[in-house]
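First comes the structure, then the notes that go with it.
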Amino acid sequence: MPKVLVSDPIDQVGIDILSQVATVDVKTTLSPEELIQILPEYDAIMIRSGTKLTKEAIEAGKNLKIIGRAGVGVDNVDVPTATRMGIVVVNSPEGNTIAAAEHTLAMMMSLSRFIPAANQSLKGGKWDRKSFTGVEVYKKNLGILGLGKIGSHVASVAKSLGMRVLAYDPFLTAERAEKLGVNLVDLEILLREADYITLHLPKTKDTAHLINAERIAIMKDGVRIINCARGGIIDEVAIADAIKSGKIAGIALDVFENEPLEADSGLRELGDNVILTPHLGASTEEAQTNVAVDVAEQIRDVLLGLPARSAVNIPGLRPDVWQKLKPYLQLAEMLGNLVGQLAGGRVDTLNVKLQGEIANSESQPIVVAALKGLLSPALRERVNFVNASIEAKERGIHVTETRDPSVEDYSGSIHLTAHGNQGQQSVTGALLGKSEIRITSINEFPINVAPTHYMLLTLHRDMPGIIGRIGSLLGNFNVNIASMQVGRRMVRGEAVMVLNIDDPLPSGLLDEIVHIQGVTDAFVVKL
């Protein structure tokens, strides 16, 4: 029988499921050295957050077929190494959805009715009703930032409580919002109109300190804020100042910028209108059971030769197919990321066109890779090659696929067309040699650009002086240009320019570029 190592405590029901198909060893006190020593014996390993599966550990597991993480995050697993070795990595992305949503709602109710403070007061021997006069949530505006699975469940329950739900999610379509019965609005409108604000966003560079002093200033007086998502999305100093000034009526936080919360944190010193819990969003008996069952079942299925349903990397491809498609998957993911940013984030439709030799290949992984790239700026580690299609469907993104086996400039290329906030945008990419990625067209303008981390794209009239003025402006702001490409279809007509730059653009520089005579639009892209 196969052998499975369980190296962190999990619910017994998970061990029972694994025992149906394998010999299960539970060893939860292994040192990193001991783990590396015994891993070659096992076909699978099931972990939580305690075990760190480093490159060295995974490479030692020469017989491993699957790594199962009983939880959402896989930051303690070297996924690239596992993928390179052909090991499927799975997690449980939905196991704690209900738990996190319910904790959010419990925090909102507790905040509204001063439940923790009233409980403490009564247990202290007082009978004080006047100090704990609360407010009703009925007919109040609830602003939800991020309408994924957890945010959607919060919205559903809030509506049943008689709340009006406003939602901000750059990747949610109007059609999907209508089905959920929420009002999809811009961030500033949500902040101005919401009586309650709850956050359900990943922590990224773009969402770090999303709630800061500037945004708090435009909120309603007396707003209440709940965060059970990720620490660091809220500027804790700014929100504490707003509590002290009375601008914010109350906050309920389950997550913090630094965890455990420091003993000297100013948040601990605030009054009864501040509720703090120690990252309990997923801490229910049901959630712990759910993630154990979910991951154990996936390990069982893979050991039986069946596909996993929540793989973080790419499952189910034969090694020879994987080797052939790997550079095209990287190309498709990069193009999806690029076209999504050009389209303004919120995309309604995506067409994936496979041209040349790639048109006769297995297409679904390429389509999924394009969707993963499209959604990655918003969802980060939450989107993978297995759930990208599901995430796209939930956001109302309509995906089509076309094939054209004819060969033009390259033996194989991928063309993506997306319709979003910025209208229709299209990009094409191909491989130079076996693996060098090139962007070969943007909005049908021919170019030949190697993608880099930062790029500046401009749409402009093909006229003397524009390129020089843009270059001078970048130089004035100390932005270094690594390379430049211009594509045009006719002399003195419309043109596109792509600048590979070494640094992100300083604040306000993009607006100055757009105001240069002859420039019709400009985009900053981060890949």
**Request:** Take M334 and L331 through the side-chain contact (heavy atoms from CB on, under 4.5 Å) test and state the conclusion after the steps.
**Result:** CA-CA 5 Å; M334 181 278 296; L331 172 64; 3.9 Å; yes
**Item:** Pair D206-T204, side-chain hydrogen bond (donor to acceptor under 3.5 Å, both in side chains): steps then yes or no
**Value:** CA-CA 5 Å; D206 294 330; T204 69; 4.8 Å; no
**Item:** Worked verdict on E401 versus S363 for side-chain hydrogen bond (donor to acceptor under 3.5 Å, both in side chains)
**Value:** CA-CA 9 Å; E401 176 190 336; S363 63; 2.7 Å; yes
**Request:** Using the side-chain hydrogen bond (donor to acceptor under 3.5 Å, both in side chains) rule, take N351 and T400 through it: C-alpha gap first, then chi angles, then the decisive distance, then the call.
**Result:** CA-CA 5 Å; N351 176 259; T400 60; 2.7 Å; yes
**Request:** Take Q341 and L527 through the side-chain contact (heavy atoms from CB on, under 4.5 Å) test and state the conclusion after the steps.
**Result:** CA-CA 10 Å; Q341 292 184 60; L527 299 176; 4.0 Å; yes
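The neighbour count for K393 NZ, taken as heavy atoms of other residues, nucleotides or ligands under 6.0 Å away, does not exceed 12. Within a 6.0 Å sphere centred on CD of Q364, heavy atoms belonging to other residues, nucleotides or ligands number more than 12. No more than 12 heavy atoms of other residues, nucleotides or ligands shown are found within 6.0 angstrom of CG on N478.
Between S426 and E444, the side chains place a donor N or O and an acceptor N or O closer than 3.5 Å (distance only, hydrogens not considered). Between H200 and T198, the side chains place a donor N or O and an acceptor N or O closer than 3.5 Å (distance only, hydrogens not considered).
One distance of note links CZ of F171 with CD1 of I397; it measures 8.0 Å at 0.5 Å rounding.
Side-chain contact between L431 and I437 is present, with at least one heavy-atom pair separated by less than 4.5 Å. In this structure the side chain of E193 never reaches within 4.5 angstrom of the side chain of V185, judged on heavy atoms. For the pair F445/E494, a side-chain contact is recorded, criterion being any heavy-atom separation below 4.5 Å from C-beta on. Side-chain contact check for L184 versus T173: every heavy-atom pair is 4.5 Å or farther apart. Considering only heavy atoms from C-beta on, L510 comes within 4.5 Å of L456 through its side chain.
For Q424 (side chain) and T417 (main-chain N/O), no donor-acceptor pair under 3.5 Å exists by modelled atom type. Side-chain N or O atoms of S435 include none that pairs as donor or acceptor with a backbone N or O of P327 at under 3.5 Å. Distance alone, capped at 3.5 Å, places no donor-acceptor pair between the E257 side chain and the E236 backbone.
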Without placing hydrogens or testing angles, list every side-chain donor-acceptor pair under 3.5 Å for residues 479-488, not counting sequence neighbours.
residue, atom, partner, partner atom, Å
N480, ND2, D502, OD2, 2.6
S483, OG, N500, OD1, 2.5
R488, NH1, D462, OD2, 2.5

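Not counting sequence neighbours, the partners of A249 by the side-chain contact (heavy atoms from CB on, under 4.5 Å) test are R224. Annotation: side-chain contact (heavy atoms from CB on, under 4.5 Å) contacts of A418 (sequence neighbours excluded): V339, A343, V347, L350. Not counting sequence neighbours, the partners of D294 by the salt bridge (Lys or Arg N to Asp or Glu O under 4.0 Å) test are R309. In this structure, Y168 has no side chain to side chain donor-acceptor pair (under 3.5 Å) partners at least two apart in sequence or on a different chain. A search for side chain to side chain donor-acceptor pair (under 3.5 Å) contacts involving E214 returns nothing, not counting sequence neighbours. Under the salt bridge (Lys or Arg N to Asp or Glu O under 4.0 Å) criterion, D221 pairs with K247, not counting sequence neighbours. The side-chain contact (heavy atoms from CB on, under 4.5 Å) test applied to V519 returns H460, I466, I470, I516, not counting sequence neighbours. Residues satisfying the salt bridge (Lys or Arg N to Asp or Glu O under 4.0 Å) criterion with D78, sequence neighbours excluded, are absent altogether. With sequence neighbours excluded, the residues that form a side-chain contact (heavy atoms from CB on, under 4.5 Å) with A332 are I366, A369, A370, I414. E175 is linked by a side chain to side chain donor-acceptor pair (under 3.5 Å) to nothing, counting only residues two or more places apart in sequence or in another chain. Annotation: salt bridge (Lys or Arg N to Asp or Glu O under 4.0 Å) contacts of E178 (sequence neighbours excluded): none.
For the salt bridge (charged side-chain N to carboxylate O under 4.0 Å, His left out) test with D195, the passing option among R164, K140, K220 is K220; the others fail.
The pair E394-K149 meets the salt-bridge criterion, since a charged nitrogen lies less than 4.0 angstrom from a carboxylate oxygen.
Residues A82 and V89 come closest through the heavy atom pair CB-CG2, 3.5 Å.
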